[in-house]
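Working notes, beginning with the structure itself.
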Amino acid sequence: LKKNDEEKLKFLKNFYKLPPIIIGGCGRSGTTLLLSILSSHTKIHGIKDETYAFFPYPLRLNKIIYNLKFKQDKLCWLEKTPKNIQVFKKIFKLFKGKVKLINIVRNAKSVIHSKHPNSNKKYYVDLSRWKSDVKMGLKSKKISYTIIFENLIKNPKIELERLCKFLNLKFERRFL
């Protein structure tokens with residue numbers, strides 16, 4: 001790790017009281033929905049844009065730091081880039097375990113049949129990518145929380161209460 005990256009990581013680790021939250025999962029699995037829900041929490045500062053701060057290497061932490069400049073009234077920050085799932089173990093090591101990793105998984109058929117956001121004529125994710133991302137999520141099972149998209153849709157209150165418990169945050173009705 002470069003000296004500059006070490007300084008940026010130290011800043012990110014200490015910016016808020018609670019550890020950062022990082023969402024990953026296959027594209028089209030609900031990462032944006034989960035970001036939107038969690039960002040509505042009064043104590044979470046959600047970064048709206050995918051920063052690709054952790055994947056692919058090298059680190060691009062400036063994008064996160066820039067997004068935190070004026071958000072002093074929160075307890076933690078939240079970043080969502082689907083490809084984070086590929087480097088959950090590296091992220092966990094970078095933050096020395098003081099990070100909350102969330103893996104969201106959606107039914108393969110729904111993911112691969114989801115149209116590309118910029119074109120109705122092509123699909124966004126192929127089956128091999130879904131398999132790869134789910135496999136990486138399984139490899140990170142001990143250091144992350146897995147939420148199933150379909151369960152989140154069917155039972156949002158129950159699933160979000162469980163997720164809040166993992167995050168050490170109070171459930172807020174505004175999620176619903």
query: Which value, rounded to the nearest 0.5 Å, describes the distance between L101 atom CG and N84 atom CG?
result: 8.5 Å
Partners meeting salt bridge (charged side-chain N to carboxylate O under 4.0 Å, His left out) with E150 (sequence neighbours left out): none
D133 side chain to W130 backbone, donor-acceptor under 3.5 Å: no
- request: Could you walk me through whether L34 and L38 pass the side-chain contact (heavy atoms from CB on, under 4.5 Å) test, one step at a time?
  value: CA-CA 6 Å; L34 194 54; L38 290 176; 4.1 Å; yes
query: Does the pair K80 and I47 meet the rule for a side-chain contact (heavy atoms from CB on, under 4.5 Å), with working shown?
result: CA-CA 7 Å; K80 178 274 299 189; I47 298 168; over 6 Å; no
task: Decide yes or no for F54 and K90: does some side-chain heavy atom of the first lie under 4.5 Å from some side-chain heavy atom of the second?
output: no
query: With a 4.5 Å heavy-atom cut-off, do K89 and K93 have their side chains touching?
result: no
For residues 136-148, dump all side-chain donor-acceptor pairs below 3.5 Å to protein atoms at least two apart in sequence or in another chain.
| unit_1 | atom_1 | unit_2 | atom_2 | d |
| --- | --- | --- | --- | --- |
| S140 | OG | M136 | O | 3.2 |
| S144 | OG | S140 | O | 2.8 |

message: Assigning hydrophobic clusters by single linkage (Ile, Leu, Val, Met, Phe, Trp, Tyr; side-chain heavy-atom cutoff under 4.5 Å), is I112 placed with I104?
response: no
query: Any donor-acceptor pair under 3.5 Å linking the side chain of K43 with the backbone of L169?
result: no
- request: Any chance you could measure K48, atom NZ, to E79, atom CD, to the nearest 0.5 Å?
  value: 13.5 Å
task: Apply side-chain contact (heavy atoms from CB on, under 4.5 Å) to F175 and L163, showing your working.
output: CA-CA 12 Å; F175 284 163; L163 182 55; over 6 Å; no
message: Please say yes or no: joined through hydrophobic side-chain contacts below 4.5 Å, possibly via intermediate residues, are F11 and V99 part of one cluster?
response: yes
Donor-acceptor contacts, no H, no angles, side chain residues 57-69, under 3.5 Å, sequence neighbours left out:
| unit_1 | atom_1 | unit_2 | atom_2 | d |
| --- | --- | --- | --- | --- |
| R60 | NE | Y52 | O | 2.9 |
| R60 | NH1 | P56 | O | 2.8 |
| R60 | NH1 | P58 | O | 2.4 |
| R60 | NH2 | Y52 | O | 2.4 |
| R60 | NH2 | F55 | O | 3.1 |
| R60 | NH2 | P56 | O | 2.8 |
| N62 | OD1 | K8 | NZ | 3.1 |
| N67 | ND2 | K63 | O | 2.7 |

field: E172 side chain near H41 side chain, heavy-atom distance below 4.5 Å
entry: yes
Contact list for residues 151-171, test side-chain hydrogen bond (donor to acceptor under 3.5 Å, both in side chains), sequence neighbours left out: K157-E161, E159-R162
- request: Taking the side chain as every heavy atom from C-beta outward, state whether T42 and R174 have any atom pair closer than 4.5 Å.
  value: yes
- prompt: If Ile, Leu, Val, Met, Phe, Trp and Tyr residues are connected whenever their side-chain heavy atoms lie under 4.5 Å apart, and connections chain through other members, are W77 and V87 in the same group?
  reply: yes
- request: For S39 and L78, run side-chain contact (heavy atoms from CB on, under 4.5 Å): C-alpha distance rounded to whole Å, both residues' side-chain angles, the deciding distance at 0.1 Å, then the answer.
  value: CA-CA 8 Å; S39 293; L78 162 66; 4.0 Å; yes
field: Side-chain heavy atoms of L160 within contact of L152, under 4.5 Å
entry: yes
task: State the CZ-OG distance between R106 and S114, to the nearest 0.5 angstrom.
output: 6.0 Å
- prompt: Do F149 and V125 sit in the same hydrophobic cluster, where Ile, Leu, Val, Met, Phe, Trp and Tyr count as joined when their side-chain heavy atoms come under 4.5 Å apart?
  reply: no
query: What distance do E6 atom CD and N4 atom CG have between them, rounded to the nearest 0.5 Å?
result: 10.0 Å
- request: State the CG-CD distance between L9 and E7, to the nearest 0.5 angstrom.
  value: 10.5 Å
Could you tabulate the donor-acceptor pairs under 3.5 Å formed by side-chain atoms of residues 14-27, not counting sequence neighbours?
| unit_1 | atom_1 | unit_2 | atom_2 | d |
| --- | --- | --- | --- | --- |
| N14 | ND2 | K10 | O | 3.0 |
| Y16 | OH | K71 | O | 2.1 |

- prompt: If we only count heavy atoms from C-beta on, is the N103 to F88 side-chain gap below 4.5 Å?
  reply: yes
message: Tell me whether I85 shares a hydrophobic cluster with F166, the cluster being built from Ile, Leu, Val, Met, Phe, Trp, Tyr side chains joined at under 4.5 Å.
response: no
query: Can you list the steps and then say if T32 with E50 is a side-chain hydrogen bond (donor to acceptor under 3.5 Å, both in side chains)?
result: CA-CA 9 Å; T32 302; E50 293 177 8; 4.8 Å; no
message: So L167 and I102, do their side chains get closer than 4.5 Å, heavy atoms only?
response: yes
- request: Under the ring-ring contact (aromatic ring centres under 6.0 Å, His included) rule, collect the residues that match up with F92, sequence neighbours excluded.
  value: none
- request: Give a yes or no on whether the backbone of A53 and the side-chain of T51 come within a donor-acceptor separation of less than 3.5 Å.
  value: yes
